[in-house]
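Predicted, not measured: the structure shown is a model, and the values here were computed from it.
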Amino acid sequence: MTHHDDDASGGGSGPSALAPRYFLDESARVEDDAIVITGGKASRLKRVMRIRRDDPLELVHPPSDRLYRAVVQRVTRDEVICSVVTCRPRRELPLPRIVISVSLIRPQRYDFMIEKATELGVDEIRPVWSQRALIKGDATQRLHRWRRLATEAAEQCRREYRPTIYPPIQVAELIREEPVSNSLRLLASALEPDQRISPIFQQRRSRGQPPPDLVHLLVGPEGGYTREEAALAREHGWLPISLGNRPLRAETAAIVAVALTQEAARP
């Protein structure tokens, strides 16, 4: 029977803090003292990651909301069998949660944005159709790839959660959604050259307002959102903000917006 462990670091002969971390999918069989990994995840661990017997692993199991530290016991043709050393609940996500809605751009650049936004710690990614969206065909077909990229990026930077990635939505539909309570909705816009993210947080503090629980960032494609799209966002309470003096590529703007939000939100 495993014991619970609140310390992420390992000790003795068990897995160390730097044991590679992987997300288990629904096919994994998780018991108190053993985890059996099958399917595509087992294939990747064997062929790409080249794991061997006695290798330490950290395994995130989203269905049970737990993180397991384990050691590889056996590698068979179809399975990777691990013995559990310790487990603990996943740590609570820090506030504010960050949602980033980014207009669809060229696939390679969007892939890059997904990876980097995941590394920075965003909680949700919402692809957006807009008038200037630069992508051909059905973007929903890319969902599987985006989710795989986010999983691998989350593993690489040792996150306990992956961002949720939603199917693409029309920008007008997203803009009109009811805001979450105690949230801040920001529109990255070249039309607002002087309004930066940090002063918005400072103003809230000076008024004695609580910090937002959620920040929703809306980032446009190359050339930005149209005047009509930007006007609609303002009508529905989105605050236009500037990311600096230089025009940025869409994927760069998304990454900068997340980083500036995280810095502004620091107490």
Side-chain angles (χ1 to χ4, degrees), residues 1-99 111 114-125 143-166 213-214 258 262:
M1 183 76 179
T2 182
H3 71 272
H4 297 272
D5 181 18
D6 291 324
D7 183 0
S9 64
S13 59
S16 74
L18 296 179
R21 181 172 292 179
Y22 300 103
F23 283 82
L24 297 170
D25 57 28
E26 296 76 15
S27 66
R29 300 198 300 278
V30 177
E31 295 154 14
D32 278 340
D33 55 2
I35 295 173
V36 180
I37 305 167
T38 60
K41 180 65 75 175
S43 296
R44 180 167 176 258
L45 289 175
K46 289 189 297 180
R47 297 194 176 90
V48 181
M49 311 316 294
R50 300 193 176 279
I51 63 159
R52 300 285 182 266
R53 180 186 168 93
D54 296 331
D55 283 354
L57 301 176
E58 287 191 357
L59 301 170
V60 181
H61 188 234
S64 66
D65 212 29
R66 303 190 81 74
L67 185 144
Y68 291 85
R69 298 220 312 271
V71 173
V72 177
Q73 286 296 312
R74 215 152 32 98
V75 179
T76 70
R77 197 181 70 156
D78 301 314
E79 298 177 334
V80 175
I81 300 146
C82 305
S83 61
V84 173
V85 178
T86 61
C87 81
R88 63 166 171 80
R90 289 195 287 184
R91 295 195 171 98
E92 268 192 57
L93 286 166
L95 295 177
R97 292 174 51 238
I98 296 180
V99 178
D111 291 353
I114 297 267
E115 287 182 344
K116 300 309 165 192
T118 300
E119 288 177 34
L120 284 170
V122 299
D123 299 287
E124 295 179 18
I125 299 172
L143 255 184
H144 178 74
R145 174 175 173 80
W146 291 333
R147 288 169 176 163
R148 179 177 59 78
L149 289 171
T151 295
E152 291 175 7
E155 291 172 343
Q156 185 270 327
C157 64
R158 304 181 61 74
R159 286 186 61 173
E160 295 187 17
Y161 295 84
R162 296 170 285 196
T164 304
I165 304 182
Y166 292 90
D213 293 330
L214 181 143
V258 173
Q262 290 174 323

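- For Arg53 (side chain) and Arg74 (main-chain N/O), no donor-acceptor pair under 3.5 Å exists by modelled atom type.
- Pairing each heavy atom of Asp78 with each of Lys46, the nearest pair is N-NZ, 3.8 Å.
- By the 4.5 Å heavy-atom criterion applied to side chains, Leu57 and Pro20 are counted as neighbours.
- Taking a 6.0 Å sphere around CZ of Arg148, one finds it holds more than 12 heavy atoms contributed by other residues, nucleotides or ligands.
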* Steps toward side-chain contact (heavy atoms from CB on, under 4.5 Å) verdict (Tyr68, Thr86) -> CA-CA 6 Å; Tyr68 291 85; Thr86 61; over 6 Å; no
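- The minimum heavy-atom distance linking Glu115 with Leu149 is given by the pair OE2-CD2, 3.5 Å.
- The closest side-chain heavy-atom distance from Thr118 to Tyr161 is not below 4.5 Å.
- You'll find the side chain of Arg158 reaches within 4.5 Å of the side chain of Glu58, heavy atoms only.
- Without hydrogens or angle criteria, Asp123 side chain to Ile98 main chain gives a donor-acceptor distance under 3.5 Å.
- The structure places CD of Gln73 at 12.0 Å from CD1 of Ile35, a figure rounded to the nearest 0.5 Å.
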* To do: Let me see the working for Val75 and Arg52 under side-chain contact (heavy atoms from CB on, under 4.5 Å), right down to the final yes or no.
  => CA-CA 7 Å; Val75 179; Arg52 300 285 182 266; 6.0 Å; no
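- Residues Pro62 and Arg162 form a side-chain contact, since some pair of their non-hydrogen atoms from C-beta on lies under 4.5 Å apart.
- Rounded to the nearest 0.5 angstrom, Ile165 CD1 and Leu143 CG are separated by 7.5 Å.
- Here the rule is side-chain contact (heavy atoms from CB on, under 4.5 Å) with Asp55, and of Val72, Val71, Leu45 only Val72 fits it.
- Looking at Glu155, its side chain does come within 3.5 Å of a backbone N or O of Phe23 through a donor-acceptor pair.
- A heavy-atom distance below 4.5 Å is found between the side chains of Leu24 and Ile37.
- Taking the side chain as every heavy atom from C-beta outward, Ile114 and Arg145 never approach each other to under 4.5 Å.
- In this structure, the separation between CG on Leu120 and SG on Cys157 is 8.5 Å, given to the nearest 0.5 Å.
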* Between Arg21 and Glu160, does a side-chain contact (heavy atoms from CB on, under 4.5 Å) hold up when you go through it step by step? -> CA-CA 9 Å; Arg21 181 172 292 179; Glu160 295 187 17; 3.4 Å; yes
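- By the 4.5 Å heavy-atom criterion applied to side chains, Tyr166 and Ile125 are not counted as neighbours.
- Rounded to the nearest 0.5 Å, atoms OH (Tyr22) and CD (Gln156) are 11.0 Å apart.
- In this structure, Lys41 NZ and Thr151 OG1 are separated by 6.5 Å, a value rounded to the nearest 0.5 Å.
- Proximity of Glu124 to Pro163: side-chain heavy atoms (C-beta onward) are nowhere separated by under 4.5 Å.
- Taking NZ from Lys116 and CG from Asp111, the interatomic distance works out to 11.5 Å, rounded to the nearest 0.5 Å.
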